[in-house]
Amino acid sequence: MNDYDHKKIEGKWQKEWEKQELYKVEDKDKDNFYTLVEFPYSSGNLHIGHWYTFAVPDIYARYMRMTGKNVLYPIGFDSFGLPAENAAIKRNLNPKKWTDENIEYMRGQLKSIGASFDWSRELKTSDPDYYKWTQYIFTKMFEKGLAYKSEAAVNWCPSCMTVLANEQVVNGLCERCDTEVEKKKQEQWMLKITDYTEDLLSGLDDLDWPEEIKESQRNWIGKSRGMLLKFKVGDGEVSVFTTRPDTICGVTYIVLAPEHPLIDKLDINNRKEVEDYIGKSLKKTELERQTDQKEKTGVKLEGVFARNPITNEEVPVYVADYVLAAYGTGAVMAVPAHDDRDFDFANKFGLPIKEVVIPNRVDKKNPPVPGKKSVERQNVHVVVKNPKDGKYLLLKWKEYDWTTFPMGGVEEGESLIEAAKREVLEETGYKNLINGKVLGGQVRAEYFAAHKDENRVSFTNLVTFDLENEEQDEVDEEESSKHEVCWVDGKDLTLEKMTHAEMDVWISRLDKESGAYTGDGVLVNSDARLPIFGKEHENEEFRKTITGIVQRKDGKILCVKWKEFGWTSLPIGGIDKGELPEEAAPREVLEETGYKTKVVRRIGGPVEMHFYAENKKVWRNRLDQAVLLELIDDKQEDISKEETERHECMWLNPEEAINNMTHPENRLCLERLVRSDDSYTEGADEIKGYNFNGIPNTKVEIPGEKKTTYRLRDWSVGRQRYWGTPIPVVYDPEGNPHPIPEENLPWTLPEDVDFKPTGEPPLAKSKELKERTEKIFGEGWRPEVETMDTFLDSSWYFLRYIDPRNKKEISSKDIQKNWMPVDQYFGGSEHTTMHLLFARFFQRVLYDLGMVTEQEPFKKRLNRGLIMGPDGSKMSKSKGNVVDPDEVVERVGADTVRMYLAFIGPYAEVGSYPWDMGGIVGIRRFLERVNSIKITESSDAIKSLLQKTIKKVTDDFILFKFNTAISSLMIFLNSVQKEGIGKDEYLVFLRLLAPFAPHLLEELWKKSGMKESIHLSKWPKYDESMVVEEGVKVMVQIDGKVRGSILVDKDISDNELEKIVTSDEKLSGWISKDYEVKKVVKNRLISLINKSA
RNA sequence: GCCGGAGUGGCGGAAUUGGUAUACGCGCACGACUCAAAAUCGUGUCUCGCAAGGGAUGUGGGUUCAAGUCCCACCUCCGGCACCA
């Protein structure tokens, strides 16, 4: 029979704590710790997931408080918004009343958790004292031009009769009611979050947040660097955004978004057809646009052509809704050969596909041999499949360890298919091949052809056939002496087994027929030129050189500072005759700087430059190839005195290095390195590099500029609904908007409103609002009738908690200095790209307005997991799997619920946990056992274990691993029940448990005769000397298997170690008389083998 | 398709710098107490094997004396984005 009466204990202490105002927080100027949890939406009642949200962070808050911090753990309610309004409409209630009643109920629920909230700071966003400041911030944004009205296509939910933010549209459906969302053009209040994209992006770098959260914000912002290129169209011009300017010669048509303004101005022969199309596509709902994705649609603008600025070709212009008006310029240059979407469109409309980038491979098995002559070849590789058994025809070379497809050169005047057939016949004798097909375009490769003793640069096509029958001609003796013909399974066509350098490309093409090639490669069919620095001059001295880009593990770049000239450059050196840049680079870098390096890859293509060499008094023409190298080891070897005197080495971040380079060609190759995203294209960089740098070049001119675009759009914030913060704007008789002055704030939400949705904003029906506006501003003035998206309410609430009753400002900057930024912010992953981004945006705006002290609001962030229903799916009323916490608390007590939720898994991981009522009894039993501990005396073993337990629990708190902390407390209790425990150790144990089960522990603490609350006591410290294990653990391996470990003194000699091991009771059983010590790793391992075995 | 995260017993999950995988809890089985049950306490519980021993951390390779942990390729699940040029 146990006497753990949780109801009595919990009720008693909750009342007592409230009476004592135990968790009321003072504003001090030191040791402050701000723990924040996303405040709940006032939806009515809390489910068990809310306990997970609030109770587990409370455990952390209590721990922090015991370590001596002045902890603020506030609570409030996000109380404006659609659900309140919808529920109110359904039940014919006033939303305010509904909300307030909900809050009243939820407050009681939240108190039953036993959380250490400071209730004196409670706030709710629908309170005029609160939304006054939301409005104030809005007016300030308006004044700065950050809040503006604009005609924009908005997401309109016909059922909720309101505009939705992009974030509230899920798969084309309204997030709340699953109705198909329509696109509608409308005057909209927008917040200019795009003014802050760069700040929001770069601010992430220094935040101590989990990388995955930062990464998804980065993705959401969606930065991409590219170029704006101009195409002449008719009399006008169209600007397109592209991340692949290198493919410009492959443009075969231009596409405009249906909304593109240029369409109106063009002289189009089929205007009616075009306008019909535009009308249709604009009316499409978001969902239709998405489901139509696979089928591309569009209409050609008859009589309109665009001129390719490089090739001067005229290409047709289309309007198609696969191009988005809101991204880039709303127009794209279509390169079907290298873009999947353009490829689909071109196929459907029969447009030409021009390949300008082909993959390039350097054969690693047979690399080019320096000094050998180099030959260019047109090749075919032939895949012959025997449909009967699915096998493929291969050649095994006799003299070399090669396995290849039948292959050979394409002869003058011969088609690829003809060449392929001829080669198969010559090499294998098979003569009846059908279904010949060329798979994809060419692939360039560099390799050494040992059988011809020459280096080759090949351009190879892949040709496939089926074998019609097995008839074979005699194979020439010369051929059959070279290789053996064999048939293999499809699964043997792997990178490892095949010799072709192109094999990876072949594999992917054989897998999925051909499509657009979107990867890297070399430029072909393009009139690409080198970037050229300086002007040609007579009597130039010509040199081939390399530039070495040496990158260290930490990303820094090796730079060279020249003492005599004051230059900063990268290591540069000459290429000796017959040498490859890959060979010259490490050699030159070693000579110049003393660092040993190995080649990673070339960066970009060659760069030509002309300059006057001051020291040698000659004009030089250099052809330079940049090579990326990585450091083999950090040590610098000695270099010649001459070199040391000329320059010194330093390591700079890539960005820094770019800024410091004296020479433009150095900057160019570093830039190429930095932006080597997947659009890095070796030959193509000629064009890219040129334009990204604005380097004067007489040969190529692309009209265009560097441009960065973002996926992030401005934030649409107006809502045509009632229950929200009124937008604090009035219009003068001319219709111009004016912010409401501070003295008239809060601009209260009118109450004489029928808020049932009709499509007209409810506030428009308020007589009071209209009269109020005219009374204050004058005849003919009218109020704004929209309310704000609730995400504005929650974008700054953390600033209000710290100074909740301030009448003069959102919160005092002095108080902000004490508390901001929030030390630890707990929340759900669903807010990663919404609330969290908006709050950061607000904070930065407020910072620029001088209203806050910090640029970033949240120092640390943790995304918690999700508690699922008992059936393993997300809890929802419609599924009927919502777990009511009140019932559970009634049965087992708040302490048990809190602790169980902490035990369920690591809190810092975004997992999902089905609520399992079975598992909770383990915690209940544990607390019952804690409740019935009898005090006796402590053994040494218990004392020592307690020290280890303190350390474990303390360490786990720092990592939010409450589950393993509890596990170690359980281990301790198990041991106590065997060994007994004395009073001192008992009291320490109680304190370790206090954050988890605050009520029970307060009870036991007071029962032990303590006067002051356990929650004001200090967190136990452990004795370092009792925790650290003496000596080192050495693993013992016998016959290659780990058979145990022994604890020995540090740095013990091998002989002694051997003696200890062989005389060890457990280990000696494994060791025969005739053994040998095979290996000893100091302080780590001893490995023995039994010889006789 | 792209970007994240994760795959370990019947279940939730443990596992320092790579060092005896499966801690802790649930469940289950057996035992004690009981007329009986519940509760409680005790013992056992990855798998094959009588045992000695062997095999297991999604799959396949690799590095290493040693891999759940590091590297490469792939599969599955979850979350986010998605015609973003």
Side-chain angles (χ1 to χ4, degrees), chain A residues 1-2 170-171 210-220 222-224 226-227 240-244 247 255 257 289-290 292-296 320-324 326-335 338-342 344-345 494-496 518 678-679 709-713 829-830 832-833 863 865-866 872 900 903-906 909-923 925-926 928-929 932 955 961 963-974 977 1033-1045 1066 1078-1081 1084-1089:
Chain A
M1 181 66 202
N2 83 82
V170 179
N171 293 328
E211 225 21 74
E212 74 246 33
I213 302 181
K214 298 207 270 184
E215 199 50 35
S216 60
Q217 284 209 354
R218 287 190 192 109
N219 282 338
W220 185 263
K223 178 173 181 168
S224 74
M227 281 182 81
V240 301
F241 174 73
T242 179
T243 54
R244 295 290 304 268
T247 61
V255 195
R289 257 197 151 176
Q290 278 178 26
D292 288 354
Q293 252 181 53
K294 280 174 205 126
E295 225 7 70
K296 296 243 177 329
D321 63 8
Y322 81 90
V323 173
L324 305 177
Y327 184 79
T329 60
V332 302
M333 60 177 219
V335 187
H338 306 293
D339 181 283
D340 289 323
R341 295 151 302 179
D342 299 341
D344 290 346
F345 190 86
T494 62
L495 278 184
E496 291 76 29
T518 56
D678 51 6
S679 66
T709 57
Y710 303 88
R711 207 192 70 99
L712 187 72
R713 316 281 158 81
S829 54
E830 70 275 20
T832 302
T833 51
N863 280 359
L866 213 58
Y900 177 58
F903 186 58
I904 210 162
E909 275 171 32
V910 190
S912 56
Y913 308 101
W915 175 258
D916 170 18
M917 210 39 217
I920 204 169
V921 309
I923 297 290
R925 277 178 205 151
F926 172 74
E928 283 170 5
R929 284 157 66 205
S932 55
D955 290 349
K961 292 180 75 172
N963 55 336
T964 46
I966 292 171
S967 149
S968 68
L969 290 165
M970 286 171 165
I971 292 169
F972 183 74
L973 180 65
N974 290 344
Q977 293 200 316
K1033 192 164 90 171
V1034 173
M1035 304 308 298
V1036 181
Q1037 214 174 47
I1038 297 156
D1039 290 336
K1041 291 215 183 282
V1042 177
R1043 293 302 185 189
S1045 67
K1066 277 186 212 147
K1078 200 178 150 203
K1079 187 164 184 168
V1080 178
V1081 182
R1084 285 241 171 247
L1085 172 97
I1086 177 163
S1087 179
L1088 310 177
I1089 46 170

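Protein chains get the first letters and strands the later ones, always in sequence-line order, with residue 1 at the start of each. If you're wondering where the values come from, they're calculated on a predicted model, not measured in any experiment.
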Are any of [X]'s side-chain N or O atoms less than 4.0 Å away from OP1 or OP2 of [N]?
{"X": "A:Y327", "N": "B:A85", "value": "yes"}
{"X": "A:N974", "N": "B:G25", "value": "yes"}
{"X": "A:K961", "N": "B:A15", "value": "yes"}

* Using the closest heavy atom to pick a nucleotide of RNA chain B for each, name whichever of A:A257 or A:E215 lands nearer the 5' end. => A:E215
My understanding is that only residues two or more places apart in sequence, or in another chain, count here; which of them pass side-chain contact (heavy atoms from CB on, under 4.5 Å) with [X]?
{"X": "A:E212", "answer": "A:P210"}
{"X": "A:A331", "answer": "A:V238, A:V240, A:L256, A:H260, A:T329"}
{"X": "A:N963", "answer": "A:P906, A:K961"}

Using the test side-chain hydrogen bond (donor to acceptor under 3.5 Å, both in side chains), find all partners of [X] that sit at least two apart in sequence or belong to another chain.
{"X": "A:R929", "answer": "A:N974, A:Q977"}
{"X": "A:S968", "answer": "none"}
{"X": "A:T832", "answer": "A:N863"}
{"X": "A:S1087", "answer": "A:Q1037"}

* Which residues satisfy the ring pair (Phe, Tyr, Trp, His ring centres under 6.0 Å) test with A:F972, sequence neighbours excluded? -> A:F989
* Asked: Excluding sequence neighbours, so at least two apart, what forms ring pair (Phe, Tyr, Trp, His ring centres under 6.0 Å) with A:F345?
  -> A:Y253, A:Y318, A:Y322, A:F349
Under 3.5 Å, which N/O atoms of the protein pair with N/O atoms of nucleotides 9-13 of chain B?
unit_1 : atom_1 : unit_2 : atom_2 : d
B:G12  : O2'    : A:I904 : O      : 2.5
B:G13  : O3'    : A:N963 : ND2    : 3.4

* To do: For A:S968, report the nucleic acid contact type (base, sugar-phosphate, nothing); a contact means any heavy atom under 4.0 Å.
  => nothing
* Asked: Which part of the nucleic acid does A:M970 contact within heavy-atom distance under 4.0 Å: base, sugar-phosphate only, or nothing?
  -> sugar-phosphate
Filtered N/O pairs between nucleotides 63-67 of chain B and protein, under 3.5 Å:
unit_1 : atom_1 : unit_2  : atom_2 : d
B:C65  : OP1    : A:K1079 : NZ     : 3.1
B:C65  : O2'    : A:Q1037 : OE1    : 3.1
B:C65  : O2     : A:Q1037 : OE1    : 3.2
B:C65  : O2     : A:Q1037 : NE2    : 3.2

* Asked: If the C1' atom of B:U59 is compared with that of B:G68, how far apart are they to the nearest Å?
  -> 15 Å
* Asked: Can you give one letter per nucleotide of nucleotides 27-33 of chain B, going 5' to 3': B for a protein heavy atom under 4.0 Å from the base, S for sugar-phosphate only, - for none?
  -> S------
